[in-house]
Amino acid sequence: MCVFIVDYTTSMCTPLLSVLTAIRAAILIQNWYRFTKARLETRRRYSLSIFQSIEYADEQDQLQVCNFHFFLYKHPGVSQVVDEGLSLTEFENKIDVPDSYYGPRLSFPLTVEDANALLHAFRNEQLLHARYVLQLLCETRRVLKEMPNITHLSTSYSKEITVCGDLHGNLDDLLLIFYKNGLPSEQNPYVFNGDFVDRGKNSMEILIILFAFLLIYPNDLHLNRGNHEDYIMNLRYGFTKEVSKKYKDHGKLILCLLRDVFSWLPLATIIDSKVLILHGGISDTTDLDFLNALERNELKERIPTTRLSKHIANQNVAGKTQHISSSGSTEPSGSNLPPDHALEEWKQILDILWSDPRSQNGCTPNKSRGGGCYFGPDVTAKLFERYNLKMLIRSHEFKPEGYEISHDGKVITIFSASNYYEEGSNRGAYIKLNPELIPRFVQYQVSKYTRRQNLQERVGTIESSALKSLREKIYAHRSELTSAFAQYDLNSTGRISVSDWAAAMESVLQLELPWRMLRAQLVQMTPNGEADYMSCFYDLKIGQPTKEPALVETLCRYRRDLEIIFNIIDKDHSGLISLEEFGQTWKLFASHLGIDMYDESLDKLVLSIDYNKDGHIDFNEFLEAFHVVHRLEKKANS
Amino acid sequence: MASRKDGAVAEIEKKIIEAFEVFDHECNKTVDVREIGSIVRSLGCFPTEAELHELLAKVEEEEPTGYINLEKFLPVMTKVLLDRSYQPIPEDVLLHAFEVSLKRIFIKTKCLFCLSGEPFTEEEMEDMLSTALDPETNTVRYRDYISMMIVDET
């Protein structure tokens, strides 16, 4: 509905010329309008590209941290074991719920009233008390333990099954799904396909809701494990922080119990023996029978793939599969390497939690994730033939429309976290599967704005957010970039060609992005069309002292890794490491790296790090320690 | 100089490849044929719909598959950029076009855009109106609209 300024005073015999002029004008405008639309679409695409490249690059980076933690975990005295004997009543006795608490008070066995109370509470941003969380987790573990690795469902009784993908802590999306599609019940079964946690700020609440419905309707609410249902991922991507912040003293126990619960989550669901639902994808070696038979709870976190590739190499050399069983246990006896059988189990699980479909045939290692593989239509076809399947439903990959169909209709990706990267970045979706196993897609998008932003505004929001992340990465690699630029600038003029600038950016940051398109936003140009490369770093206000820019940049880049390492050492998540803990861990670290460490020098090191001499090391002191190392290194190299 | 020219051509080719890859979801050097318009325009060209169809005819396979290959697209697009085809519309011409189409005609503007020229689809008309229309006065402040949509393309 619109009204333009229209003048009816001209006579009806307006000359033809006037009309023709108007039409010519219209063509110009239509042409120009389509240009601006295309430009907007391009900006939207490359913004999403930026987000995704940075996300995948981050996931790869943390491989190193995985390495270290795997090593830590396998050492006695360091790993945490949760008492199997913990029961509901023990929590009731040990943890007191004050009268001042007005949140939901759960009573087991749970009923629909409890679920409604939880939904109501979370809509009002209340927290569930730690005692109930622990009781809930305990019960959930008990129920999950009874379930097989692969759940078999049927669409009998004309029930439609709803399949949801990644939620990543977006409570609004879950509430919207329940609003549109109804709560889980015997008449309304759901499958949630992993990645319930991390990134969003309500991962805990999502888990609580899903586990509550699982307990109430164990035959109608099904959960598959995702790659983010993993302690290490949680350390990096925010879930651990969320729990520690919300539950403080009880956070540690909750996280411990969660780790166990995650490892008991089923790996896959099969509907009517025809539709396979799992989080990531498949590989050319995926063996559903093997997967169904393994001990899924032994495999808590992703292990470093460097060990895996060695294992696979060994297999190839030997020419046959080696299965060294060590009295049925997958724990290493004394050496650092788990037996080959355990590694095979790891690989199978890694493949189904991390792989992505691609349109090229074949099965190649998934370079951007650093785990799992890229699988082509031929791999899908072969698996379908082997197990008589009709469809594969998976999640794990962001999709702007919330879903995507590939491999000629055989593979569906379903992603349920709308606005994943930024307000307006994408829709979420869920699948309704009818008894004929025909999928129907429902899309949605939550919005914090009451007025829907128009496309122009939405793209603007996404673009500035993406560019902000990109600029942070640029800042973190400042010195590397500067020397890369200098290599092209032989006469030290401060200017290089756009082509050289783009090449330098790509090789240092290792991100495949349309640099020439982004150039205008990232670097200033000289009048003769060259790039003033140091202008990349102007206007980057990062809140750090600029005493030693190279160090600040290193800290910026590795801060996240250091934070994770710190959190690993800080087992009770108190924000402080005792000097002894630090010493122990450092020794392990040093032996892992093959460095000799003398006790006296370790003592000195530890004491020197505790700057304020309070007997503990906090995160800032931890960072400072690396400051010292960096200074000494620089001295040695200068 | 031959080398400088080659350098310029190489640079143009890289630009085209970049633009192409933004729309190449699967990273397999093909894009959906419906995205060609966006790619050509993202490189700074203003082809009319008719001109786009001509271009498509040159880059499509003999038996249209719905996908366009980079190797067919690259030489054609390189020529387009070197020849400076599909020039942009200068701002003053655009302004004048808005003035003409919005004032003193007896055809309602919506009709004009949706039924004549290279007609807008319902969607396009809806989108343009939602951005351009000033809800308070129910008019199009076309100067503001133009300056809002023009991005510094240098």
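Nothing here was measured: the structure is a model prediction, and the numbers come from that model. Note on naming: letters A, B, ... go to the chains in the order of the sequence lines (proteins, then strands), and numbering restarts at 1 for each one.
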**Prompt:** Step by step, would you call B/Glu118 with A/Arg34 a side chain to side chain contact (heavy atoms under 4.5 Å, CB included)?
**Reply:** CA-CA 11 Å; B/Glu118 292 188 322; A/Arg34 288 177 175 121; 3.7 Å; yes
**Heavy atoms of other groups near B/Lys72 NZ, more than 12 under 6.0 Å** = yes
**Distance-only side-chain donor-acceptor flag, B/Thr48 / A/Asn31, under 3.5 Å** = no
**Prompt:** What residues form a ring pair (Phe, Tyr, Trp, His ring centres under 6.0 Å) with A/Tyr403, not counting sequence neighbours?
**Reply:** A/Phe441
**Item:** Sorted by number, residues from residues 499-514 of chain A in contact with chain B (heavy atoms, under 4.5 Å)
**Value:** A/Ser499, A/Leu513, A/Pro514
**Prompt:** chain A: which of B/Glu21, B/Glu49, B/Glu18 shares the most heavy-atom pairs with it under 4.5 Å?
**Reply:** B/Glu18
**Asked** For A/Tyr488, does the OH atom have more than 12 heavy-atom neighbours from other residues, nucleotides or ligands under 6.0 Å away?
**Response** yes
**Message:** Using every non-hydrogen atom in the two residues, find where B/Val22 and A/Thr42 come nearest and quote the distance to one decimal.
**Reply:** CG1-O, 4.2 Å
**Asked** Hey, are A/Arg45 and B/Glu35 close enough for a salt bridge, meaning a charged N less than 4.0 Å from a carboxylate O?
**Response** yes
**Message:** If I compare all heavy atoms of A/Ala38 with all of B/Ser38, which pair ends up nearest, and what's the gap?
**Reply:** CB-CA, 3.6 Å
**Asked** Is there a donor-acceptor contact under 3.5 Å from the side chain of A/Tyr33 to the main chain of B/Glu124?
**Response** yes
**Message:** Any carboxylate oxygen within less than 4.0 angstrom of a Lys/Arg side-chain nitrogen, looking at B/Glu11 and A/Arg516?
**Reply:** yes
**Item:** Under the ring pair (Phe, Tyr, Trp, His ring centres under 6.0 Å) test, residues paired with B/Phe46 that sit two or more places apart
**Value:** A/Phe35
**Message:** I'd like to know which of B/His96, B/Arg41, B/Lys14 tops the heavy-atom pair count under 4.5 Å against chain A.
**Reply:** B/Arg41
**Asked** How long is the gap from CZ on A/Arg39 to OG on B/Ser42, to the nearest 0.5 Å?
**Response** 7.5 Å
**Prompt:** Under the ring pair (Phe, Tyr, Trp, His ring centres under 6.0 Å) test, which residues partner B/Phe23, sequence neighbours left out?
**Reply:** none
